[in-house]
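Structure first, then comments.
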Protein chains: 2
Amino acid sequence: MTVFRELNTPLRTIMTPGPVEVDPRVLRAMSTPILGQFDPAFTQIMNETMEMLRQVFQTKNQWTFPIDGTSRSGIEAVLTSILAPGDKVLIPIFGRFGHLLTEIAERNGAEIHTIETEWGQVFDQDEIIKAMERVKPKVLAIVHGETSTGCMQPLDKLGKACREMDILCVVDAVATIAGTEVKVDEWQLDAVIGGTQKCFSVPSGMAPITYNERVEKLLASRKKVERGVRTTGDAVDVRNPIQSNYFDLSQLQDYWGPRRLNHHTEATSMLYALREGARIVLEEGLEERFSRHRLHEKAIMEGIKAMGLTLFNDVTWKLPMVTCVNIPEGIDGEAIRSMLLGQFGIEIASSFGPLHGKIWRIGAMGYSCRKENVFAVLSALEAALIRNGASVQRGEALQAALNVYDPASRMAVMM
Amino acid sequence: MTVFRELNTPLRTIMTPGPVEVDPRVLRAMSTPILGQFDPAFTQIMNETMEMLRQVFQTKNQWTFPIDGTSRSGIEAVLTSILAPGDKVLIPIFGRFGHLLTEIAERNGAEIHTIETEWGQVFDQDEIIKAMERVKPKVLAIVHGETSTGCMQPLDKLGKACREMDILCVVDAVATIAGTEVKVDEWQLDAVIGGTQKCFSVPSGMAPITYNERVEKLLASRKKVERGVRTTGDAVDVRNPIQSNYFDLSQLQDYWGPRRLNHHTEATSMLYALREGARIVLEEGLEERFSRHRLHEKAIMEGIKAMGLTLFNDVTWKLPMVTCVNIPEGIDGEAIRSMLLGQFGIEIASSFGPLHGKIWRIGAMGYSCRKENVFAVLSALEAALIRNGASVQRGEALQAALNVYDPASRMAVMM
């Protein structure tokens, strides 16, 4: 029998579109001894986390809580709880995670309608609205930040249009929440799913979601309290019951709400992590946090360009926390990534589908989004490219980044 | 805007049937900085965890890995991946968690057949086999340790009988894994779900599962690789596709197996916790760990009886890690539980359904299963009962527990 040793991991600089480095305060919070799930000290933590998440989502929605699973579990919980067999759903696709929405929706027997655009593009909102008029779906499901292409879909007109046409607007904001504006109430989004392992800088394993009364009303019509905890007055037979127990939002409401009806056993340590992560987001301030993401994005973009490389997503709809770099002709993208990890302990990402082998994706999210990491990834990338025979402008990347961070010192050199 | 303070939790003695106290080494492991999910250092941790889980499940099954969700997510992943609409499933029910199996199975459109026995009883295995002969189900789904009643169902004959009748045997071993024998291979169980937050002493948030080639073969017939990561040769149209993306074991195999196909983002810190928890279980030794659970069980049982209380589950089929105590006539069970928590910082559990208000459930699981905790719960319970006007044998409970732990010192007093 093999004897296994204690956990002993290398320390990495993680500059991918997630999972990213976890804030040390979050790591520390996870080592807190646990509480029972119905301990009043614990239910208070549940309530506090809901309140903090509301602020991050910029919403007044009562139902704002995490699903106990990774980000896609949040998407599945929302879609499974809303969609019944035969329901029409419209999904605009501009990258891999649009496809994921179709995968999840079709497992619920929904009738899938898609519109697609080339990877690297986003949709004009009017084009989506036209498709809504044509398809007349029950649900519009759309990705906000598409990490596979580094693009961000504008959403501000869609919620209003959905409301006028009696469509529910479901948004995957896994990549954008806590990194850039996700204005749930102002944009009139009906259900939004966030991620923890990206701009939140909390480990993967929970998916904060929020939804409004329009969704709540629909859930109420599909609600069934489970045998074993059911009491008189609870509905037993319903039309179109939700096809998952674990992801049944109508039951989860009774667990997160005042009824406190036993469902799963809440993932205590992950909740501690999420509470601390949300607290740190709010302590920094949403505006300040979004500005920080834009600052480091600029430093990365300027550094990459100064090196002589080109950006795949240097567009007005660029996702601020993911910079996609075209792999130069003749260079093996994976050899560079291996060298970054093996020699420098730095991780950047490749991509999927039509972009596989064509771009690198450099993330700058949450705790990973800081100056030291930007300098580290730029200098290591330059060194690895030189080592692999690429022609780059030597020494320019860090100067360009310094120009973003410290323009005054540039003046001094020039004078 | 409310300003939230840092996490500040009371320290509890948790003597419930879960979640229980987490081993401090596991808490520490969770504060390890994270790795990317495809970092070779991380995939090695995935592989090591699979190997350790195989040892805990006493199986050679290749497919032994955690689902990223709480225990019931593991149950749902197994049942959803196996059951297609119209499939017959037989579920023997002897407490709340048998009902949960029906809840999950029926959401998959399965045809549910149940046999029930009174809460507090278990089934004669021959009775279950007779029902299998009558119903001829595709799946037998059964709970091993029913924490709602403190009873443990013998399973050793069922797997063999299932194999003879070409039935898949699915076992919920959430409460028993790492606390008492769960011999997956010897008992010929086809799929088994364990829990982390009970005898494993890892926080809730992952569900280790294992399944054999019989299940794998069935999954292969339902397998679909998702759009966005699909390549040539992957099946596109299948009969009876699995109705969940998140819980699709055929896709999860490609993530945990050598293909390493992107699915969800593994819950890094929970995996660190599970790896450390499994390592601690194996370091202690399965036999030693099971003996420890029986030793403290005995001390609790003797202490309770010496106090003058009676046990609900003083039966040969008692679940070793849960002791159910009849609430004495005229005593408000909830008042006692409140006093234990409020004055002593000790949590014990109430129960569900027909046993609600009739019994307390005292757990002794994993790291919570230790001498100090047994003494603490017995002395606090005695004090709370006296304080609430119950007639108890004063001072006898701890003596009875000491007789279990240290019989020699009793002799000295008697001489």
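A note on names: the letters A, B, ... follow the listed sequences, proteins ahead of strands, and every chain is numbered from 1. On a predicted model such as this, the values are computed, not experimentally measured, just so you know.
At a 4.5 Å heavy-atom cutoff, S71(A) makes no contact with chain B through either its backbone or its side chain. Interface remark: P33(B) contributes backbone and side-chain atoms alike to the contact with chain A (heavy atom separation under 4.5 Å). The contact between E103(A) and chain B is made by backbone and side chain atoms together, counting heavy-atom distances below 4.5 Å. Proximity to chain B involves both the backbone and the side chain of L7(A), based on heavy atoms less than 4.5 angstrom apart. For chain B, the nearby parts of I34(A) are the backbone and the side chain; heavy atoms of each come within less than 4.5 Å. Looking at T80(A), neither its backbone nor its side chain comes within 4.5 Å of chain B, counting heavy atoms on both sides. Residue H263(A) touches chain B through both its backbone and its side chain, counting heavy-atom pairs closer than 4.5 Å. If you measure heavy-atom distances from M30(A) to chain B, the contacts under 4.5 Å come from both the backbone and the side chain. R275(A) touches chain B through its side chain: at least one heavy atom from C-beta onward sits under 4.5 Å away, while N, CA, C and O do not. Using a 4.5 Å cut-off between heavy atoms, V26(A) makes no contact with chain B at all. When heavy atoms are compared at a cutoff of 4.5 Å, L35(A) approaches chain B by way of both its backbone and its side chain. With a threshold of 4.5 angstrom between heavy atoms, Q243(A) approaches chain B through its backbone and through its side chain. The parts of T102(B) that come within reach of chain A are both its backbone and its side chain, each placing non-hydrogen atoms under 4.5 angstrom from that chain. Residue T16(A) does not touch chain B at all, counting heavy-atom pairs closer than 4.5 Å.
In this structure, D68(B) CG and M270(A) CE are separated by 9.5 Å, a value rounded to the nearest 0.5 Å. Between atom OG of residue S269(B) and atom CG of residue L27(A) there is a gap of 6.0 Å, rounded to the nearest 0.5 Å. Atom OG of S31(B) sits about 15.5 Å away from atom CZ of R25(A), to the nearest 0.5 Å. Remark: F4(A) CZ to L282(B) CG distance equals 8.0 Å, nearest 0.5 Å.
Counting heavy-atom pairs closer than 4.5 Å to chain A, the top-ranked of the candidates I93(B), L271(B), T268(B), T32(B) is T32(B). Comparing M52(A), E347(A), Q197(A), E51(A) by heavy-atom pairs within less than 4.5 Å of chain B, the highest count is held by M52(A). Residue with the most contacts toward chain A among V22(B), L100(B), I242(B), N108(B): I242(B) (heavy-atom pairs, distance under 4.5 Å). Contacts with chain A were tallied for A349(B), G95(B), G69(B); G69(B) has the most, counting heavy-atom pairs under 4.5 Å. Among T265(B), L11(B), I67(B), the residue making the largest number of heavy-atom pairs under 4.5 Å with chain A is T265(B). For the options D248(A), T196(A), I280(A), heavy-atom pairs under 4.5 Å to chain B are most numerous at D248(A). When each of A278(A), P241(A), P10(A) is scored by its heavy-atom pairs under 4.5 Å with chain B, the top score falls to P10(A).
Salt-bridge annotation for R5(B) and E48(A): absent, with no side-chain N of the basic residue lying under 4.0 Å from a carboxylate O of the acidic one. Ionic pairing of E6(A) and R28(B) is not present here: no N-O contact between side-chain nitrogen and carboxylate oxygen is shorter than 4.0 angstrom.
Side-chain contact between H264(B) and S73(A): absent, with no pair of heavy atoms (C-beta onward) separated by less than 4.5 Å. Under the 4.5 Å side-chain criterion, counting only non-hydrogen atoms from C-beta, I75(A) is not in contact with N245(B).
No hydrogens or angles considered: nothing links the side chains of E266(A) and S204(B) as a donor-acceptor pair under 3.5 Å.
With Y246(B) contributing its side chain and I104(A) its backbone, the two residues share no donor-acceptor pair below 3.5 Å.
Close approach to chain A, defined as a heavy atom under 4.5 Å from one of its heavy atoms, is seen in G36(B), Q37(B), D39(B), P40(B), A41(B), I45(B) of residues 36-46 of chain B, taken by number.
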